There are 2 protein chains.
Amino acid sequence: MGMGRPRAFDADAALDRAMDVFWRHGYEGATIAQLTEAMSINPPSLYAAFGSKEGLLKAALDRYTEKRDAWMDRVVDAPTAHEVAERFLMEHADAQTDPANPPGCLLVQGGLACGTGSENVPFELAARRTRTEDQLRERFVRAKAEGDLGESVDPATLARYLSAVTSGMCVMASSGADREALREIAAVSLKAFEEQTKG
Amino acid sequence: MGMGRPRAFDADAALDRAMDVFWRHGYEGATIAQLTEAMSINPPSLYAAFGSKEGLLKAALDRYTEKRDAWMDRVVDAPTAHEVAERFLMEHADAQTDPANPPGCLLVQGGLACGTGSENVPFELAARRTRTEDQLRERFVRAKAEGDLGESVDPATLARYLSAVTSGMCVMASSGADREALREIAAVSLKAFEEQTKG
DNA sequence: AGATATCTGTAGTGTTCACTACAAATGTGG
DNA sequence: CCACATTTGTAGTGAACACTACAGATATCT
């Protein structure tokens, strides 16, 4: 028995194109017509490969998270908690203003509030944001164990703070803040981090 | 000549109900059916009073901004820049977790990225966020003139930082962060503010 | 080469969307 | 009380939406 006609498009490349559309217009603002055109495929190919619009988003998010995890691995590899925070903040400032992508971050632009029937989408995005926060917290727990952070420091608070600042930077980037502006925010935040780690 | 049948609903009360729907579902996620039901009116009344869905949003935002301005007036009335920052951050933490409203802030939940034809909505929201940032900056300019802030301090940077943090708190609130979590973020941010104002 | 399994492109499907035509209702001004 | 201006509720409008039926194309496996 045969194995069927092979797929004529590269799924990962198509997901990158879909990612861009979701990023630019949000989940609800992105239409199947825009997605299929960007992916250079027809609707039946999209549905055969990803099941639904939400399935496509999840696949795009998986790919996004993959890249982000690789990046986070490099970030938490920094020798000290302070350098972890510095890299995290500064590289976020750069990433969110990278002209190769829409401004901000897909996990925020994708949609914080959605209509009836898409309630799952904000959850899905939030879960992926939380993942980054978890990775930071675990790194700070380690830093504490290594004596790199003081005994009275709460790794969860530090991680949550950094996560909040970068989310805020997303919002600013989406409304046109430039790289320099985001770096200033990052710099001030880093001061807070230093101050916090003294406690 | 007569003046026509009077309106049977209170426009401001209706706007408050519409605000809630936009807040909860975002601009694109909110449907006219949901809006009219929440406002307890029929579509023709909505369109006669506000012109379009986007017109309704703008009217709701005007009302939102009105309340927010009154609140900001009280915030910037604090005697010192430090107290301004403290009130701004802490009251934001409380407001974004006020059970009387959906979590977060309408100016962020409303929609950071929208579909073709609604490109104006993110701009409209961003303009209102910028307004708050401007009010903060002006207050810090005054603080500097009064000697309350050092010569080397940049009011614009401070204002932008506080604005970013509260936007980030919105994102966290929208994904379920509770009041205590937001207050911790606010507390850390305040440390950064103090540190910054020493420079 | 033939049978089979999957993909592809065309051309739709029903549903939901924002929005409105229209006639009845209800107020004001003369 | 009458002419008029505006609102209200009913019942839709065309357009755009996510999604799919179907037939032809293209691969694999025997």
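This one's a predicted model, so the numbers in the text were calculated from it and none came from an experiment. The analysis underlying the following values was restricted to heavy atoms, covering all of them including side chains, and did not include hydrogens, waters or symmetry mates.
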Notebook entry, point to check: Rounded to whole angstroms, how far apart are CG on A:N42 and P on C:dG9?
Noted result: 5 Å

Notebook entry, point to check: Of B:G4 and B:P44, whose closest DNA chain D nucleotide lies nearer the 5' terminus?
Noted result: B:G4

Check: Taking atom types as modelled and ignoring hydrogens, do the side chains of B:T130 and B:E133 form a donor-acceptor contact shorter than 3.5 angstrom?
Finding: no

Note to self: Mind checking if A:F9 touches a base, just sugar-phosphate, or nothing, with heavy atoms under 4.0 Å?
What the structure shows: sugar-phosphate

Notebook entry, point to check: So, B:D148 side chain and B:A81 main chain: donor-acceptor pair closer than 3.5 Å or not?
Noted result: yes

Note to self: Any side-chain to backbone donor/acceptor pair from B:T65 onto B:L61? Under 3.5 Å, distance only.
What the structure shows: yes

Kindly give the atom pairs (protein nitrogen or oxygen, nucleotide nitrogen or oxygen) under 3.5 Å for nucleotides 15-19 of chain D.
from, atom 1, to, atom 2, distance (Å)
D:dA18, OP1, A:A30, O, 3.2
D:dA18, OP1, A:K53, NZ, 3.0
D:dA18, OP2, A:I32, N, 2.8
D:dC19, OP2, A:Y47, OH, 2.8
D:dC19, OP2, A:K53, N, 2.9
D:dC19, O5', A:Y47, OH, 3.3

Margin query: B:L158 and side-chain contact (heavy atoms from CB on, under 4.5 Å): which single residue from B:Q196, B:K144, B:R137, B:R139 fits?
Written below: B:Q196

Item checked: Matching residue for B:Q96 among B:S174, B:P103, B:C170 - test: side-chain contact (heavy atoms from CB on, under 4.5 Å) -> B:C170

Next item on the list: Round to the nearest Å and state the distance from A:I41 atom CD1 to D:dA25 atom P.
Entry: 21 Å

Next item on the list: In whole angstrom, give the distance that lies between atom CG of A:L46 and atom C1' of C:dC7.
Entry: 14 Å

Check: What's the shortest heavy-atom distance between A:E28 and A:S118, and which atoms?
Finding: OE2-OG, 3.9 Å

Check: Could you state the CG-P distance from B:L35 to C:dT16, rounded to the nearest angstrom?
Finding: 17 Å

Check: Between A:S45 and C:dT8, does any side-chain N or O lie under 4.0 Å from OP1 or OP2?
Finding: yes

Checklist line | Value in whole Å for how far the P atom of C:dC7 lies from CZ of A:F50 | finding: 11 Å

Item checked: Criterion side chain to side chain contact (heavy atoms under 4.5 Å, CB included) on A:F50 and A:K58, from CA distance to verdict -> CA-CA 9 Å; A:F50 307 109; A:K58 284 186 189 167; over 6 Å; no

Note to self: If you go through the side-chain atoms of B:R5, does one of them form a donor-acceptor pair with the base of D:dT7 closer than 3.5 Å?
What the structure shows: yes

Note to self: Please give me every residue in residues 110-126 of chain A whose heavy atoms get under 4.0 Å of an atom in DNA chain D, ordered by residue number.
What the structure shows: none

Notebook entry, point to check: Are side-chain N/O atoms of B:T97 and B:E180 paired as donor and acceptor at under 3.5 Å?
Noted result: no

Check: Which residue pairs pass the ring-ring contact (aromatic ring centres under 6.0 Å, His included) test with at least one member in residues 90-144 of chain B, sequence neighbours excluded?
Finding: B:W71-B:H92, B:F88-B:H92, B:F140-B:F193

